[in-house]
Amino acid sequence: MDKTKTEADWYKFWEKSGFFKADPKSDKKPYSLLMPPPNLTGDPHLGHAMQHAILDSLARFKRMQGYDTLLLPGVDHAGIQFEGTFTKLLAKENLSKYNLSREEWLKKAWQFRDDVYKAFHQTWSIFGISADWSREVFTLEEKVQTGVVEEFQTFWDQDLLYKGAYIVQWCPKCGTAIEDLEMEYEERKEKLYYINYLIDGLPNPEYITIATARPETIAADVAIAIYPKHPKYAKFIGKKAINPFTQTELPIIEDKRVEKDFGTGALKITPGHDLLDYEIGKDHNLAILHVVGKDGKITELDDHLKGLNIIEAREKAVGKLHELGLLDKAEDYSHSVPICERSKNAVEPLISEEWFIKMQPLADKALKHIKEVGFAPKNYQKILTDWIEKIHDWSISRSLWWGHRIPVWYCQKSNPHHSVGKNQDLTISLNKPTIKCPNCGSTEWVQDDQVLDTWFSSGMWPMITLGWPKETEDFKKYFPWDFEISAPEIRYLWIARMIMLSLWFKDQIPFKDMFFHGTLRAMDGKKMSKSLGNGIFPKDLIDQWGTDSTRMFLYSYAAPGRDGRLNRQIADERCKNFRNFGTKLRNIERFIVELKPEGADESEGKEGLDDKNIKDELNQTITKVTSHLESFNLHLATEEIYDFLWHKFADVYIEKTKDRRAEAQPTLEYVFKTALELLHPFMPFITEELWQKLPHQGQSIMLAEWPKVE
RNA sequence: GGGCGGUUAGCUCAGUUGGUAGAGCGACUCAUUGACGUUGAGUAGGUCACAGGUUCGACUCCUGUAUCGCCCACCA
């Protein structure tokens, strides 16, 4: 072998030799690991690197143990995130959804996707990942489309899909509905306004005072609600209050959901813009009015404030109330305001037409089987169970263009408003239907405008990647997955969904072991992010210290569920340490192989006490590394093999052999070769390089048998 | 407001079933052409956040407090 072979050369050698490929036809028992598809954006970050390092070490370990190992890679189209990045890019050319057709826009989006994908892949593959690239999946490809339509169709047939007026969190900046899970809360100091509403039809003017933080929505009020038996206001039940802006009559109602001790115990009901109000309104059969539009501006419902944004409208509304003498008082009020996780914009609760899945039956089934999944750390079973127990329906439609378009086609003639109901004329299919509308005979089908939530496809990732709904050879052999890994923050969005969907569609848990790694944070405990500029890019570390060293550094943070704090300096320190370890290993090889003394070949059978001792220690190391790998404690496994090689083998044993160099040769070779095999899952490149220089059998250390205690 | 996690050497972190604490980096001392100075041999440094409790014995189990962080939540 060429001495100057680089990491990239070894990688090519492995890949060309087909060592990464799984073979469903082999007699070996399967071990399958599913790579979480990273989002199609920018450079892979440190979290990806850690995930991939963990996945790869386990894949290499299982392969050496003799399993037919599948590590399946893929990339997620990442709906909102990708569309956001792409939109900014288009804006530089003065292009947008307003001056491009959907087809033109998508064509450009795919071109951009191809560029990003290529760059992404380049960074990705230098990490030494022994993934089966022949099975790689991108979440918008045809295979996934087929699965997604099947998923949708099944829910439809089971009567679990519905569409209708529903309150959603609308982000005016992203221009789409976002889920509760995609919202953040920010503590903001605002004012709480106490406003007097005149009671209609009384001889002397009497008022009911309500407290609100959002006076700009008054025009959309449809009632005033008080808590039951309100000492001051109960007498007004059945009467009407006058809306100060629109002069319409507002019924005064009682509802136990109104908090007794907040504000005045009286609440203005604005079902179009508040979830609690929406629910109260629904139960009291109240109308739903909108005074804030999807652009975040006041609608025509309020003549006076029309066209203003929220902040301006609020100021003006307060001014007007003041003029009318209806503003009782305003007090400082600090509360958490929902903001969009991506745009950091305050979200507007709005009524919108969205598709939903009824989740209760899926949740019930998941709860019965979730115990079959082994979680690391263990407490995640409870965390997920608690969430699934409080499940709410899943809003699956997004007003985006980048994603799986909802496979619903409406008959233009007999169902022009795209409504949904069993008697309505619509059909489900991937492509434009060729059938005639059963109602009017028309063939003018129009597809639903929206796309599906990214997690609607990602949730099926464990099945779709193996060819579902087809009963493929791969599916039969590799499902359920043996191992899945995830960042903790997507445990609900993704992990809980996969468990529910997999049990629903296949009656099986999606994976046997579920590993949650911790979050790598900046020194102040905050997340690393591009915008804060506190990120560390794995690519930079690899360029400076090499892949093996970077991987070892990451394993030291791979204790299940434990966060780590670091900056570039700390990362460099640790990487440097492992780079030095690599140098140590090269010198050990030099000592054993290149400086092999005369007569060493005739030293079989001259084993001494030192040789026996180091072999005993090697055996202990084999046992510990193996068990730490099996319990997914990679931080302990790496520490163990590191300590053995450096401080037991090199510092002690090798020093002692110097007096009896020749007769120690067989032990030196055997112990070092075996230790390299134990280290291979973690430092794949250098172990291959050095293993090749020792007497060995077989083409690659990748194919070596996992060391056993002898 | 609820839930979860952290708090161990100057720094970043380990610590299987309870038996007076470990690593890497950093500091200090020594070794200088020995496989390797990207090295070796040593040394210093911790009342394991705090207060109770269980126990012969607690970093480890229980209760509470403080503090930092994360997640979740429809009090207008």
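We name chains A, B, ... by the order of the sequence lines, and we start the count at 1 in each one.
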Base, sugar-phosphate alone, or nothing: which one does [X] contact when heavy atoms must sit under 4.0 Å apart?
X	answer
His647(A)	sugar-phosphate
Phe578(A)	nothing
Arg579(A)	base
Phe581(A)	nothing

Quick check on U39(B): is either OP1 or OP2 less than 4.0 Å from any side-chain nitrogen or oxygen of Asn580(A)?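 Checking U39(B) against Asn580(A), a side-chain N or O does come within under 4.0 Å of OP1 or OP2.
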Under 4.0 Å: is that the gap between some side-chain N or O of Lys596(A) and OP1 or OP2 of A35(B)?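 For A35(B), neither OP1 nor OP2 has a side-chain N or O of Lys596(A) closer than 4.0 Å.
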Grab the [atom1]-[atom2] distance between [X] and [N] for me, whole Å please.
X	N	atom1	atom2	answer
Ile383(A)	C70(B)	CD1	C1'	11 Å
Gln569(A)	G26(B)	CD	C1'	10 Å
Asn587(A)	U38(B)	CG	P	11 Å

Check if the side chain of Glu640(A) and the base of A14(B) share a donor-acceptor pair of N or O atoms closer than 3.5 Å.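 Check fails, no donor-acceptor contact within cut-off.
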Complement of U55(B), any strand, by Watson-Crick or G-U distances under 3.5 angstrom: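 Because no pair has both required distances under 3.5 Å, U55(B) counts as unpaired.
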Donor-acceptor contact present, side-chain Tyr194(A) to main-chain Thr264(A), <3.5 Å: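 Not confirmed, Tyr194(A) side chain does not pair with Thr264(A) backbone.
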